[in-house]
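Inspection log for the structure reproduced underneath, given as structure tokens.
Reckoned from all heavy atoms, side chains included, excluding hydrogens, waters and symmetry mates. Computed from a predicted structure; not experimentally measured. Heads up: numbering here begins at 1 and tracks the sequence.
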Amino acid sequence: MTRKLSALTAANTDGGAHPKALQRLGVTEPDATVTLEQMVTAMIQESDNAVPDYLRDRLGDAALADAAAQGGWDDLEVPTLLGSTIALLDPAMSRDARWDAAQRYAHDGAYRELVMRMSPGDDFPAVTAGVQESGVKGRAAGLASLHRAIASGEFGPGSHVARRTLEWQPAPPGLDGLGFKGGNLPGVVTEAMTDPDTTSQLSCAV
């Protein structure tokens, strides 16, 4: 399982997140097996970008879109972080071609080597504009709704697992938990946070 996960990693683009995740999970062999929940902790704690693409490949777009809608996010654009990275390196690639490119990268060694030789260049404004174009887009309101549904339990079955994963760090005094996930790319910063307190009040910010 970890070999397939590593195949979805764009080398030298994640600040070492994937190797750090494997190290925390005690993975030393390429064919080692980890649980899906352990993989998701890598997505949250180390920001291992290979995990979302692995889950998309395994579960399918409909399952991910349905889960988002269950939490109140009705217009999810199912992401491929690997595909978006490749599109940043290959600006001519259409949005519709990105998932196919990610799949090809995972299974075609020659194509993977080609992508690894590409460079976005050192023109930061142009790179930033490329991220805006190639990146996954979504509404802050939809993301906030999903986080709130998880923290409150309104999401339904699985809420406790998602909340445990998001609230992996000890809660500050006065709070029952602190769930969060952030990310950044050139010109883009995203942060979502929920903090249910000990009086059953729930705050959510994106």
Side-chain angles (χ1 to χ4, degrees), residues 1-68 70-71 73 76-86 98-109 111-113 115-116 135-136 138 143 146-147 149-151 153 155-171 177-185 190-194:
M1 181 183 291
T2 53
R3 183 185 294 275
K4 185 171 184 179
L5 184 64
S6 296
L8 290 164
T9 301
N12 303 317
T13 64
D14 64 356
H18 182 64
K20 290 174 184 175
L22 296 181
Q23 182 179 30
R24 179 178 61 81
L25 295 174
V27 174
T28 58
E29 300 295 333
D31 291 317
T33 298
V34 295
T35 67
L36 289 175
E37 185 170 354
Q38 286 176 312
M39 290 176 60
V40 172
T41 68
M43 179 175 66
I44 300 300
Q45 296 185 29
E46 285 85 20
S47 292
D48 187 343
N49 290 338
V51 176
D53 279 43
Y54 177 89
L55 294 176
R56 179 178 180 178
D57 182 62
R58 177 159 178 162
L59 302 176
D61 290 8
L64 298 178
D66 288 348
Q70 187 171 327
W73 191 351
L76 172 72
E77 177 187 350
V78 180
T80 167
L81 296 178
L82 174 57
S84 294
T85 299
I86 298 172
R98 292 171 189 179
W99 182 231
D100 288 339
Q103 295 289 290
R104 184 180 176 189
Y105 180 97
H107 300 290
D108 184 338
Y111 180 67
R112 187 182 309 120
E113 290 293 329
V115 171
M116 291 174 65
V136 177
L143 181 58
L146 180 58
H147 274 264
I150 290 170
F155 180 85
S159 293
H160 67 291
V161 177
R163 183 173 172 183
R164 179 173 68 231
T165 304
L166 290 166
E167 298 177 11
W168 61 278
Q169 293 186 327
L178 180 63
F180 66 93
K181 181 69 186 88
N184 64 84
L185 290 167
T190 304
E191 183 73 45
M193 181 180 300
T194 53

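- In this structure, CZ in R104 is found 9.5 Å from CD1 in I86, a value given to the nearest 0.5 Å.
- A 6.0 Å sphere centred on CD of Q23 holds no more than 12 heavy atoms belonging to other residues, nucleotides or ligands.
- The shortest distance between side-chain heavy atoms of V34 and L5 does not fall below 4.5 Å.
- Taken to the nearest 0.5 Å, the OG atom of S84 stands 5.5 Å off from the CZ atom of R98.
- Under the rule for a side-chain hydrogen bond (donor to acceptor under 3.5 Å, both in side chains), T165 has no partner lying at least two apart in sequence or in another chain.
- Looking at D14, its side chain never comes within 3.5 Å of a backbone N or O of D48 through a donor-acceptor pair.
- Between atom CG of residue L25 and atom CD of residue Q45 there is a gap of 8.5 Å, rounded to the nearest 0.5 Å.
- Looking at residues two or more places apart in sequence or on another chain, you find a side-chain hydrogen bond (donor to acceptor under 3.5 Å, both in side chains) between S47 and K181.
- Between the side chain of R56 and the main chain of P79, a donor-acceptor pair closer than 3.5 Å is present.
- Between S6 and L22, the shortest heavy-atom distance links the atoms OG-CD1, 4.1 Å.
- Evaluation of the side-chain contact (heavy atoms from CB on, under 4.5 Å) rule for L76 yields A68, W73, V78 as partners, not counting sequence neighbours.
- Residues forming a side-chain contact (heavy atoms from CB on, under 4.5 Å) with Q169 (at least two apart in sequence, or on another chain): F180.
- The backbone N or O of T9 lies less than 3.5 Å from a partner atom in the side chain of Y105, making a donor-acceptor pair.
- Formation of a donor-acceptor pair under 3.5 Å by the E46 side chain with backbone atoms of A17 is not found in this model.
- With F155 as reference, Q70 is the one residue of H160, Q70, R163 to meet the side-chain contact (heavy atoms from CB on, under 4.5 Å) rule.
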Is there a side-chain contact (heavy atoms from CB on, under 4.5 Å) between V161 and V40? Walk through the geometry before answering. CA-CA 10 Å; V161 177; V40 172; over 6 Å; no
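- The structure places CG of L166 at 11.5 Å from CE of M193, a figure rounded to the nearest 0.5 Å.
- Here the CZ-CE distance, from R58 to M39, works out to 8.0 Å after rounding to the nearest 0.5 Å.
- In terms of the side-chain hydrogen bond (donor to acceptor under 3.5 Å, both in side chains) criterion, E29 has no residue partners (sequence neighbours excluded).
- Taking CD1 of I150 as the reference point, atom CZ of R164 lies at 12.5 Å (rounded to 0.5 Å).
- Without hydrogens or angle criteria, T41 side chain to Q38 main chain gives a donor-acceptor distance under 3.5 Å.
- The shortest side-chain heavy-atom distance between L82 and T13 does not fall under the 4.5 Å cut-off.
- When all heavy atoms are compared, the tightest approach of L8 to D53 is CD1-C, 3.9 Å.
- The minimum heavy-atom distance linking A149 with S159 is given by the pair O-OG, 4.2 Å.
- The two residues P52 and M43 come nearest to each other via the heavy atoms CG-SD, 3.6 Å.
- Among residues two or more places apart in sequence or in another chain, the salt bridge (Lys or Arg N to Asp or Glu O under 4.0 Å) test is passed with E113 by none.
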